[in-house]
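See below for the structure under consideration.
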Amino acid sequence: MNTKLAQKSGNKSQVNDASDHAEEVTRPAKEIIKKYPVDPAIANYEKAYTSFSWQEARSEVHWFGGDMVNAAYNAVDRHMYDGRRNKVALYSIGVDNKLHKLTFYDIYEQSNRLGNALKKLGVQRGDRVFFFLPRVPELYIATIAIAKIGAIIGPLFSAFGPDALKDRLLDSEASVIITTPELKKKIDQIRPSLPDLKHVIVVGADKKGLAEDELNYNDLIEAESDKLECERMDPEDPLYLLYTSGTTGKPKGVVHVHNDILGQHMTSKWVLDLKDDDVYWCTADPGWVTGTVYGIFGPWSNGASVVSYEGRFDADAWYQTIDRLKITVWYTAPTALRMLMKAGNDVVAKYSLDSLRHVLSVGEPLNAEVVRWGMKVYGLPIHDNWWQTETGMQLIANLPCMAIKPGSMGKPLPGVYAAVVDEHGQEVEAGKLGKLVVKPGWPSMLRQVWRNKQKFDEYFKIPGWYFSGDNAWKDEDGYFWFVGRADDVINTAGHRVGPFEVESALIDHPAVVEAGVIGKPDKERGEIIKAFIVLAKDVQADEKLIEDIKEFTKRNLAAHAYPREIEIKDSLPKTRSGKIMRRLLKAWELGLPTGDTSSLEDD
């Protein structure tokens with residue numbers, strides 16, 4: 001029985017009405033969730049923000065002589081000497097629901113063996129070694145092993161199809177890939193097109209079915225020594241190469257470096273608020289940047305115990321996992337939270353969830369309604385934060401010490417200067433819509449786009465700024481609010497409307513659990529707003545409901561900002577990170593090319 005709400009009834013919501021509207025964009029009400037004080041790593045945001053320096057923070061990370069570093073050493077090896085060697089590093093729940101525990105020493109020893117095996121295969125510094133694995137222990141071991149020897153980690157979604165694999169492996173000139181017998185079938189289809197791929201290492205392979213250049217993972221590591229010295233890396237040496245999908249063309253390879261560990265460590269300490277006794281679950285697939293940064297490097301650098309769950313989403317299974325392992329910190333995605341909402345409060349009530357102390361969300365903006373729901377069923381506020389594959393670490397967040405404004409992404413972290421600017425790079429006043437930008441200089445910023453300098457330069461086309469590609473506004477208290485991608489903003493009858501705010505208003509309707517909004521060309525208005533929605537369980541669709549949803553949105557948002565067309569769908573196209581792919585909705589609606597769809601959730 002869930003007792004969270006009763007236990008935490010002291011968590012109050014303070015709601016004030018406001019009519020503070022800028023011309024460009026509709027504003028939500030000034031709603032603030034004020035929390036009881038806890039003991040977070042940052043207790044006073046203003047003090048930390050004004051006094052922090054990245055130079056001083058370097059003391060939190062282990063450096064070798066000559067200003068050299070290795071992210072894997074910080075994540076695992078240093079815990080051999082700080083009292084954590086026998087602490088559980090990974091609680092791994094398999095698809096069969098069996099639990100396996102690996103200590104930091106287990107990860108250290110097995111990554112050393114794999115690192116030695118890779119070196120014996122001829123892998124050198126800077127070579128690209130990819131993993132194409134489900135969430136199994138070998139994925140985590142491989143990530144550390146590849147970094148230890150100075151090779152470049154290449155994470156891949158286990159749901160990728162052959163074409164998506166080919167694009168990434170061919171472009172990166174990957175020399176080794178680690179996979180499973182089932183996933184290897186996809187690689188087999190494209191193997192003749194990959195001249196640089198020298199070795200395929202197969203976890204759990206049937207030795208009889210392996211080709212000459214295919215190797216059994218277990219045999220490979222058992223023959224190797226468990227002693228391996230981490231390579232001393234220049235902070236600017238590449239650590240991992242992660243491909244992200246674009247609107248058009250092939251996916252782009254974002255390169256991050258070993259210096260990222262500084263930002264990964266500090267943000268895991270601040271935003272995730274990880275303590276030594278925490279059991280932490282990041283639900284993101286390590287084929288996505290959150291799964292790599294905040295599923296492996298950041299939490300392990302802080303010495304936290306990490307949970308890995310191989311099964312697919314299921315509300316009961318997720319809640320069982322939290323209770324089973326007494327998870328204390330939970331980092332998930334808005335889509336997952338909305339799916340949990342859709343499953344109903346009765347499911348939540350079956351479980352205790354009393355171990356939870358901190359819940360976070362990332363991947364797309366977190367609707368205010370989900371935050372309110374979290375307070376109701378978990379008795380805890382859900383902390384949204386903002387960052388991107390390119391930024392390499394969280395940049396804007398609702399820290400544990402801060403009051404939450406539902407729907408806001410929070411404030412810039414210490415050492416990060418974010419702003420909202422116009423087309424000329426000039427900061428705009430509070431409440432005005434503009435481009436979300438960040439001053440370069442944080443430690444985990446992308447260093448290059450693999451073999452595509454032109455694309456890299458586009459991120460810095462506004463002089464003096466990194467341009468995120470997002471539109472946003474900042475309120476008078478310094479909180480940032482996401483409006484939409486720069487190319488997503490809808491211009492209807494002269495009014496600029498952000499799709500996210502319409503989606504949020506739609507989801508506030510009790511019959512709607514998911515919404516995606518696009519601008520559809522219209523002769524009279526330039527564009528009209530069209531919404532694609534998923535209805536709650538057992539809700540029957542009819543014209544009366546559609547009209548009610550339209551009127552509800554018009555009443556709660558604005559007369560010009562309601563969807564004139566609504567289409568009901570069973571599901572919406574999403575990336576594995578949970579982002580609704582509006583460009584795909586628009587392409588389907590207008591009969592346009594869909595561009596790269598390799599990161600689709602159900603690819």
Side-chain angles (χ1 to χ4, degrees), residues 69-79 89-92 100 102-119 123 125-158 168 172 174-180 183 201 203 217 220-221 228 230-231 233 237-243 253-258 260-261 264-265 268 280 282-310 389 392-393 444:
V69 70
N70 189 300
Y73 186 94
N74 279 278
V76 174
D77 289 27
R78 67 164 160 174
H79 301 315
L90 182 66
Y91 291 96
S92 177
H100 299 277
L102 285 84
T103 65
F104 279 106
Y105 181 75
D106 292 331
I107 302 292
Y108 167 80
E109 182 183 60
Q110 293 187 43
S111 62
N112 285 349
R113 292 182 185 276
L114 179 57
N116 283 322
L118 291 171
K119 290 174 75 171
V123 176
R125 279 183 180 228
D127 287 350
R128 279 71 65 203
V129 179
F130 279 67
F131 63 74
F132 185 43
L133 294 164
R135 276 171 271 196
V136 293
E138 289 83 2
L139 182 155
Y140 295 80
I141 293 162
T143 298
I144 298 302
I146 297 164
K148 277 188 178 185
I149 65 173
I152 302 174
I153 305 160
L156 292 167
F157 289 127
S158 58
R168 289 154 175 80
S172 65
S175 60
V176 177
I177 189 167
I178 304 170
T179 190
T180 63
L183 293 176
I201 300 172
V203 176
Y217 176 92
L220 198 64
I221 65 169
L228 173 67
C230 269
E231 290 289 324
M233 307 299 291
D237 283 338
L239 171 63
Y240 67 97
L241 168 62
L242 190 60
Y243 283 83
V254 175
V255 177
H256 284 281
V257 298
H258 280 263
D260 279 35
I261 192 64
Q264 295 166 351
H265 178 94
S268 295
Y280 162 71
C282 171
T283 64
D285 191 304
W288 178 47
V289 70
T290 298
T292 294
V293 174
Y294 295 112
I296 302 177
F297 284 106
W300 274 357
S301 183
N302 280 272
S305 298
V306 167
V307 174
S308 169
Y309 175 77
E310 189 182 353
T389 300
M393 68 180 224
S444 305

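Since we're looking at a predicted model, the values are computed, not measured. Position 1 is the first residue of the sequence, and the numbers go up from there.
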Determine the interplanar angle of the Tyr240 and His256 rings, folded into 0 to 90°, and report it as parallel if under 30°, tilted if 30 to 60°, perpendicular if over 60°. parallel
Below 4.5 Å, heavy atoms only, C-beta onward: do Asp237 and Val257 meet side chain to side chain? no
If every non-hydrogen atom of Tyr140 is compared with every non-hydrogen atom of Pro286, which pair is closest and at what distance? OH-CG, 4.1 Å
Output for pair (Cys282 SG, Trp288 CH2), nearest 0.5 Å, gives 7.5 Å
Would you say that Val254 contacts Leu241 through its side chain, given a criterion of any heavy-atom pair below 4.5 Å between the two side chains? no
Counting N and O atoms only, with roles assigned by atom type, does the side chain of Ser444 sit under 3.5 Å from a partner on the main chain of Asp260, one being a donor and the other an acceptor? yes
Would Ser308 and Leu90 count as a side chain to side chain contact (heavy atoms under 4.5 Å, CB included) here? Give the steps. CA-CA 7 Å; Ser308 169; Leu90 182 66; 3.8 Å; yes
Can you name the closest pair of heavy atoms from Gln264 and Gly392 and give their distance? CG-O, 4.3 Å
Calculate, to the nearest 0.5 Å, the distance between atoms CD1 and CG belonging to Ile141 and Leu102 respectively. 5.5 Å
Closer than 4.0 angstrom, basic N to acidic O: yes or no for Glu231 and Arg125? yes
Atom pair CG (Asn74) and CD1 (Ile144), whose distance is rounded to the nearest 0.5 Å: 10.0 Å
Could you measure the distance from the OG atom of Ser158 to the CG atom of Asp285? Nearest 0.5 Å is fine. 5.0 Å
Could you report the tightest heavy-atom contact between Gly115 and Leu228, atom names first, then the distance? CA-CD2, 3.9 Å
Atom NZ of Lys148 and atom CG of Leu118: how far apart are they, to the nearest 0.5 Å? 12.0 Å
Treating Arg135 as the side-chain partner and Thr283 as the backbone partner, does any N or O pair qualify as donor plus acceptor under 3.5 Å? yes
Does Pro299 reach the side chain of Ser268, with side-chain heavy atoms less than 4.5 Å apart? yes
From CD (Glu138) to OG (Ser111), nearest 0.5 Å: 12.5 Å
Are Phe131 and Ile177 packed together at the side-chain level, in the sense that at least one heavy-atom pair is separated by less than 4.5 angstrom? no
May I have the step-by-step check of side chain to side chain contact (heavy atoms under 4.5 Å, CB included) for Val203 and Leu133, ending in yes or no? CA-CA 9 Å; Val203 176; Leu133 294 164; 4.1 Å; yes
What are the two closest heavy atoms between Ala147 and Leu239, and how far apart are they? CB-CD1, 3.7 Å
Are Ile178 and Leu114 close enough that some pair of their side-chain heavy atoms sits under 4.5 Å apart? yes
Donor-acceptor pair, distance only, cut-off 3.5 Å: does the side chain of Asn302 make one with the backbone of His265? yes
Test item: Asn112 side-chain N/O and Glu109 main-chain N/O as donor-acceptor pair under 3.5 Å: no
If we ignore hydrogens and angles and just use 3.5 Å, is the side chain of Tyr280 paired with the main-chain N or O of Tyr294 as donor and acceptor? yes
Counting distance only, does the side-chain N/O of Arg78 pair as donor-acceptor with the main-chain N or O of Ser301 below 3.5 Å? yes
May I have the step-by-step check of side chain to side chain contact (heavy atoms under 4.5 Å, CB included) for Ile201 and Leu220, ending in yes or no? CA-CA 9 Å; Ile201 300 172; Leu220 198 64; 3.7 Å; yes
Asp127 (side chain) donor-acceptor with Ala174 (main chain) under 3.5 angstrom: no
Evaluate the criterion side chain to side chain contact (heavy atoms under 4.5 Å, CB included) for residue pair Phe297 and Ile261; output intermediate values, then yes/no. CA-CA 7 Å; Phe297 284 106; Ile261 192 64; 4.2 Å; yes
Shortest non-hydrogen separation from Pro238 to Ile152 and the atoms involved: CB-CD1, 3.6 Å
Tell me whether His79 contacts the main-chain N or O of Trp300 through its side chain, where contact means a donor paired with an acceptor under 3.5 Å. yes
Out of Leu139, Val306, Val76, which residue meets the side-chain contact (heavy atoms from CB on, under 4.5 Å) rule with Ile296? Leu139
Heavy-atom donor-acceptor pair, Thr179 side chain to Phe132 backbone, under 3.5 Å: yes
